[in-house]
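Notes for the one structure printed next.
Chain letters run A, B, ... following the sequence lines, proteins first and then strands; every chain starts at 1.
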Amino acid sequence: MKKIIAKLTTSMILLGTASAAYSESLTLYTSLEEEEIAVYVKAAEKEMPDIDINVLRLSTGKLGARLLAEAGNPQADVIWGWAVTAMMDPQILKLLEPVKVQGAEKLAPEFRDAKDRWFSQMGYMGAFCVNTERLKQKGLSMPQSWADLAKPEFKGEVVMPDPNSSGTGYLHVNAVLQSMGLEKGWAQLQDVDANMAQYTSSGSKPCKMARTGEYVVGVSVALTAMNSIEDGYPLAMVFPKGGVGYELEASALLSSSKNKPAAKRFLEWSMSDSAISLFGQFKALITVPNVKQSEAAKLSGLPADLSTILAQVNFVESANRQTEIKAQWREKFGR
Amino acid sequence: MYLTVTNATKHYGSFRALNDVSISIEKGEFVCLLGPSGCGKTSLLRIIAGLADLDEGDVQLNGKSLLKISARKRDFGIVFQSYSLFPNMTVAENIGYGLKIRKIPADQISARVSELLDIIKLPQFADKIPGQLSGGQQQRVALARAIAVNPRVLLLDEPLSALDAQVRGELRDEIHQLQRSLGIPTLMVTHDQEEALALADKIICMNQGVVVQSGTPHELYHKPATRFVATFMGTSNLISTQKIKSIMPELLSTRPGGDDDQYDACIRPESIRIEANPKGEASIVSIGFLGNLSKIKLASPLGNLIVEVHGATDLKEKQKVSLDIAPADCIWVENDVAGIAE
Amino acid sequence: MSSVFTRRPDGDKLLTIACLVIPLIGLTLFFLYPMFTVFMRSITLADGGLGLQNYTDTLASSGFWRATRHSMLMGFTTMIISVFLGFIIAHGLHRCSFRGKWIIRSIIIMPLLAPSLIQALGLIFLLGRNGVINRVFGLELDIYGFWGLTLANTLYAIPQVVMIIGASLVLLDARVYEAAEMMGAKPTRQFRDLTLPAIFFALLNAGFVVFIVTITDFGNAAVIAGDYSVLATEIYTQVVGLRNFNMGAVVGIMLLLPTVVSYYIERKAMARQKGQLNTNIQPFVPSFMASRDIPMAGVCFFIVGMILAVIAIVIYASFVKLWPYNFDFTLKHFDITTAGGYSSLWITIGISLAAAVGGTLLIFMLNLGLLRLPAAISQTIQVLAAMPAAVPGIVLGLAYILTFNSTSTPLYMLYGTATLIAVINFYHYHTQAFLTVMTGFRQFPKALEEASGSLGAGLGSTAINVIAPFVSPMLVAVFFFLFMRSMVTLSAVVFLTTPQLNVAAVTIMRLDDAGLTSQAAAFSTCVMAVVALALGIMKLILSIQSKRSTGSA
């Protein structure tokens with residue numbers, strides 16, 4: 001018994017100081033999906049066995065709030081895979097440290113900050129996840145656009161993320177507003193709101209609810225749709241006519257980091273060819289030139305040339321007016 | 001006969017609590033069911049109350065079977081050892097509860113309640129809750145509660161056992177007076193022979209699920225039928241026939257026939273007269289002074305004997321004494337297996 | 001010679017002091033100080049001054065009011081339904097006669113041994129829009145939101161109601177009912193005149209406990225409430241997501257209010273019960289009554305059937321390939337790599353063991369110290385030791401993050417460590433553990449200790465050789481109680497997990513939040529397996545212990 005207690009005490013002490021014991025310990029804040037994080041981190045740790053990687057996954061909105069709240073006592077080293085519109089918030093930009101990441105220079109200028117504070121090698125697209133079985137059972141026809149979701153027969157069958165907490169939510173709202181214009185856009189969202197069963201806090205959750213047949217349509221992320229189709233769920237991925245919302249996922253180094261060399265190594269790994277090709281297996285969008293489309297993407301019906309379906313998104317505008325739009329949304333649709 | 005139980009048998013699993021028991025109670029009679037714990041007396045009381053079922057036999061009141069009548073409708077009163085007052089009701093509410101159930105008008109209830117409170121000498125306690133009362137007071141209230149509805153039979157289940165000696169004596173007398181004045185036929189279960197002797201018109205002595213002997217207290221004390229009754233009812237010196245034969249053959253005159261071990265001699269301690277005698281065959285082992293009497297332990301050829309004499313005694317320990325027992329004081333009791341030798 | 005004589009009492013004194021001081025420092029540092037901090041924080045303004053600005057700010061926010069309104073409505077509804085259903089079960093168990101009560105008794109404890117969001121998870125599998133019930137019966141029940149949350153919390157709360165009401169039903173004396181029966185009162189009348197007044201405080205107390213548990217627990221809310229915002233999820237979002245500590249502090253203090261009321265009622269009820277405590281209570285043994293017992297048995301089995309069903313379906317769902325489309329057996333969901341994988345399970349087991357070992361030791365020490373204290377001081381300490389139960393887990397969690405995330409004291413070193421989570425688990429359940437062991441100490445015959453002391457044994461050896469064996473069943477029970485609660489608790493620890501350190505219940509919530517329902521189910525199954533194993537070991541140890549003690553007696 002004494003031995004066990006002794007062991008336990010030591011292990012408690014060890015647990016307590018675990019973060020201090022590793023000289024190369026890295027804390028990443030991210031809004032990537034849990035599934036992809038698991039794969040990426042495994043690969044990264046294999047590549048850099050001396051670095052202990054800890055990840056906190058928060059939805060886009062919550063991550064931003066957390067960064068600001070922690071500004072006095074920052075906990076993270078790296079922001080990894082976070083909506084570029086959120087990153088361009090001047091309050092966030094203040095927290096970042098310019099860093100020359102090897103490989104980032106390959107990116108087109110619109111995919112990186114002029115002052116090297118952030119870069120984005122990938123992005124994700126919004127999509128409708130439609131449960132084909134439930135669709136058939138309800139006798140509905142496949143929705144093709146936001147206007148379709150507003151039809152009365154979809155009442156209570158649509159789920160989408162809350163733009164205040166979810167980057168995906170904002171992506172969709174932003175795409176509707178930018179492609180239709182503010183007035184028409186808000187009217188369209190208002191119409192769909194009547195059919196909306198839930199606003200979730202996570203961006204991928206609507207798709208996951210749709211795939212198990214809880215709802216017919218989940219307004220969500222293309223990545224989750226593709227994975228679900230691959231898993232065998234009776235799901236169809238639909239890109240709404242009139243423009244699909246998309247978002248770039250940016251990474252950056254926090255100036256408060258105490259592990260800058262490790263952080264820089266991680267960021268450089270994320271621009272390495274092996275990492276990029278790994279990301280490509282999950283991502284609909286890779287901004288690095290000349291990267292092939294993944295099998296999963298092809299399988300789920302993603303066109304090779306995405307520009308044909310993407311909405312015209314102005315990221316600077318998206319970033320600048322997001323506070324205002326989110327507040328307006330809360331006013332109109334907050335539950 | 002007012003209340004009768006005939007050939008009652010009751011099993012709990014394989015344990016036989018009652019075995020072909022028959023008893024009766026006359027109008028106005030106070031009957032005590034006396035016996036050691038586990039003898040079946042409480043089972044019998046609960047069966048009469050209707051709180052337990054009978055396997056075989058019958059319970060009749062005025063010649064009508066009660067078996068199909070639930071406890072609620074028998075109109076019996078009961079008092080338990082543990083007082084069992086309704087903890088959330090006041091004393092007055094407790095006493096009036098049975099009347100309230102019977103939909104008696106409120107003013108009549110309160111009149112009856114105050115009458116009963118006077119009887120039990122607790123008029124100032126009407127609005128107290130049971131938790132604020134002493135054990136004796138609670139039991140008085142329980143008694144008043146039981147008789148409030150003028151029950152056809154009053155059942156008392158060891159009502160005095162939880163009380164301390166002085167309160168027990170007082171309440172015993174009160175129960176006695178109350179029962180006499182109200183004339184309610186009463187059946188009381190007790191394991192205390194003194195209580196039974198003091199209260200009962202008739203004692204029914206039970207052991208191991210059967211009635212061993214029933215009769216007046218006088219009969220049971222002076223004419224115990226078996227060793228069990230003899231030991232249970234007071235102290236007694238039990239001596240085998242063989243010893244009597246060899247040492248005091250004159251006592252055999254009252255003995256019924258039968259084998260040597262069929263009957264034993266029972267001699268009450270107060271029936272043995274002793275005298276200081278240096279040539280006496282018995283010697284004093286110890287003397288216990290109990291105030292009104294002295295209890296003397298003797299070693300004698302008859303074995304160890306207990307003798308009681310009034311008041312203090314001049315005798316000393318280790319002193320030699322002679323014994324004198326009148327043949328009429330030697331009771332011959334059946335040697336039942338259950339009897340406990342000293 | 002004399003030195004030997006003088007040393008021993010000194011050693012005893014030292015030991016007594018150590019036994020008191022160490023646990024009391026713990027209570028002060030990890031209970032009183034955090035509670036003080038949360039209070040101070042709630043009245044500390046942005047400019048460092050004191051004032052009620054935080055309260056007015058919080059009360060002015062519409063999101064807070066909406067969540068409060070929802071929580072109140074849901075809490076009251078849950079309270080009424082679960083007290084009603086829990087009362088039926090307690091009444092069925094204690095005052096009705098039917099077979100199979102052991103089944104009810106074993107199922108009724110299950111929710112306490114499972115992560116608190118399991119009801120919601122199970123309900124979605126069962127009653128979700130595409131759940132088993134709706135598919136089989138072709139229904140269109142919509143479980144998300146108010147009713148789903150109410151139902152989930154009701155299933156979670158029923159066992160606690162059954163325990164509270166059952167404890168007071170046990171105290172009812174059979175003889176009192178027989179007296180009423182003899183006086184002509186019908187069973188319905190007996191129920192109205194005797195049972196209801198006697199358990200009134202228990203009903204009230206059960207109601208408050210349920211109310212507090214439901215408004216402060218967010219495991220179920222996070223899973224099934226949909227966008228029906230409640231106070232618990234709102235605080236979680238504000239504090240964990242947005243790091244809005246001021247609002248956390250304000251809400252934490254406000255959540256103490258119903259608890260204080262409930263605590264007061266409980267004390268009152270206990271005092272009342274003490275007044276009623278009879279010399280010898282005759283336990284009530286109900287005899288079979290078809291008109292009462294058959295319907296009661298039916299309802300009881302139906303309710304526990306639901307409790308069992310929601311838990312069983314989670315276990316089942318964790319083994320099927322593609323819920324709800326492909327029910328082939330698979331173990332793939334148990335291959336969890338996302339949300340930190342199984343590491344949190346192992347960490348949680350370690351934390352739970354530490355909380356159990358350390359907690360049991362501290363509780364034993366404290367009780368040992370109290371043994372030698374004057375009654376007045378000892379009672380004050382007892383009140384302090386019984387206080388943590390009055391603080392909901394979510395409030396304690398908030399208090400901890402406010403206290404230990406601040407760099408102003410060296411306690412900051414504990415922030416983000418497994419040790420701190422073990423500590424909060426222990427202090428969260430301090431009261432129940434303390435009272436259990438105290439009961440054991442109360443039963444301990446003082447004469448035994450004196451006998452041991454007169455034989456020349458010091459307090460130390462008396463404690464180890466005489467007292468510890470005597471109270472060992474309670475120590476075993478407390479050890480496993482702390483272990484099992486630490487395994488499944490969510491509300492207190494959720495504020496203390498960090499990217500580096502996660503616990504099982506939080507992982508389950510994260511998995512579900514990411515939509516990985518099957519994996520959340522699989523993880524829940526693993527946690528339940530560990531807890532069930534612990535429960536089994538505890539029962540085994542206790543039965544061996546009781547055999548040994550009856551054998552030697």
Side-chain angles (χ1 to χ4, degrees), chain A residues 4-5 8-9 11-13 15-19 25 27-29 33-35 37-39 42 52 54-59 61-63 65-66 68-70 73 75-76 131 133-134 156 162 165 197-202 204-205 207-209 211-215 224 231-234 334-335, chain C residues 62-63 66 124 128-131 135 140 142 144-145 226-229 233 237-238 240-245 321-326 336-341 347 350-351 353-354 357-358 361 405-407 413-414 416-420 422 498-501 510-518:
Chain A
I4 298 173
I5 293 173
L8 254 164
T9 347
S11 74
M12 292 311 288
I13 294 165
L15 277 169
T17 53
S19 46
S25 168
T27 300
L28 316 175
Y29 281 6
E33 297 298 326
E34 294 277 11
E35 296 98 319
I37 295 168
V39 176
K42 208 169 148 194
D52 180 42
N54 302 295
V55 183
L56 176 68
R57 198 256 163 203
L58 286 171
S59 64
K62 288 180 184 172
L63 204 157
R66 175 111 174 193
L68 295 179
E70 275 184 356
N73 176 24
Q75 301 286 323
N131 187 304
E133 192 174 281
R134 193 171 179 94
D162 178 343
S165 60
Q198 268 189 48
Y199 290 107
T200 66
S201 66
S202 146
S204 60
K205 188 136 190 193
C207 193
K208 284 158 180 168
M209 293 176 112
R211 75 181 184 188
T212 54
E214 292 289 297
Y215 298 97
T224 313
D231 283 347
Y233 287 100
R335 291 191 178 177
Chain C
S62 68
R66 188 171 54 234
I124 292 177
R129 292 166 58 92
N130 204 23
R135 281 168 78 89
E140 277 295 321
D142 196 341
Y144 296 98
D227 49 20
Y228 186 82
S229 70
T233 42
T237 310
Q238 290 291 330
V240 173
L242 311 183
R243 302 249 128 179
N244 184 348
F245 287 137
K321 226 167 229 166
L322 201 67
W323 182 275
Y325 296 107
N326 183 344
I336 298 168
T337 50
T338 43
I347 290 175
I351 286 171
L353 277 175
V357 171
L361 189 70
N405 188 33
S406 138
T407 41
M413 272 171 51
L414 283 171
T417 65
T419 314
L420 192 64
T498 65
Q500 297 87 352
L501 182 73
R510 278 176 61 190
L511 285 169
D512 180 78
D513 197 42
L516 301 166
T517 323
S518 296

Heavy-atom pair of closest approach, residues Y325(C) and R211(A): CE1-O, 3.0 Å
Engaged part of R134(A) at the chain C interface, taking heavy atoms whose separation is under 4.5 Å: side chain
Trace of the side-chain contact (heavy atoms from CB on, under 4.5 Å) decision for D512(C) with K205(A): CA-CA 9 Å; D512(C) 180 78; K205(A) 188 136 190 193; 3.4 Å; yes
Any residue meeting side-chain hydrogen bond (donor to acceptor under 3.5 Å, both in side chains) with N326(C), in chain and number order, not counting sequence neighbours: none
Residue list, side-chain hydrogen bond (donor to acceptor under 3.5 Å, both in side chains) with K208(A), at least two apart or on another chain: E35(A), S204(A)
Straight-line distance of R510(C) CZ to E34(A) CD, nearest 0.5 Å: 4.5 Å
Residue A197(A) versus chain C: region with a heavy atom under 4.5 Å: backbone
Region of N131(A) that comes under 4.5 Å of a non-hydrogen atom in chain C: side chain
Y233(A) versus W323(C), closest heavy-atom pair with distance: CE2-O, 3.6 Å
Segment of E133(A) engaging chain C (4.5 angstrom heavy-atom cut-off): side chain
Where T212(A) and N130(C) come nearest, the two heavy atoms and their spacing: O-ND2, 2.7 Å
Interface moiety of I124(C) toward chain A, non-hydrogen atoms closer than 4.5 Å: both
Under 4.5 Å from any heavy atom of chain C - which part of S201(A): side chain
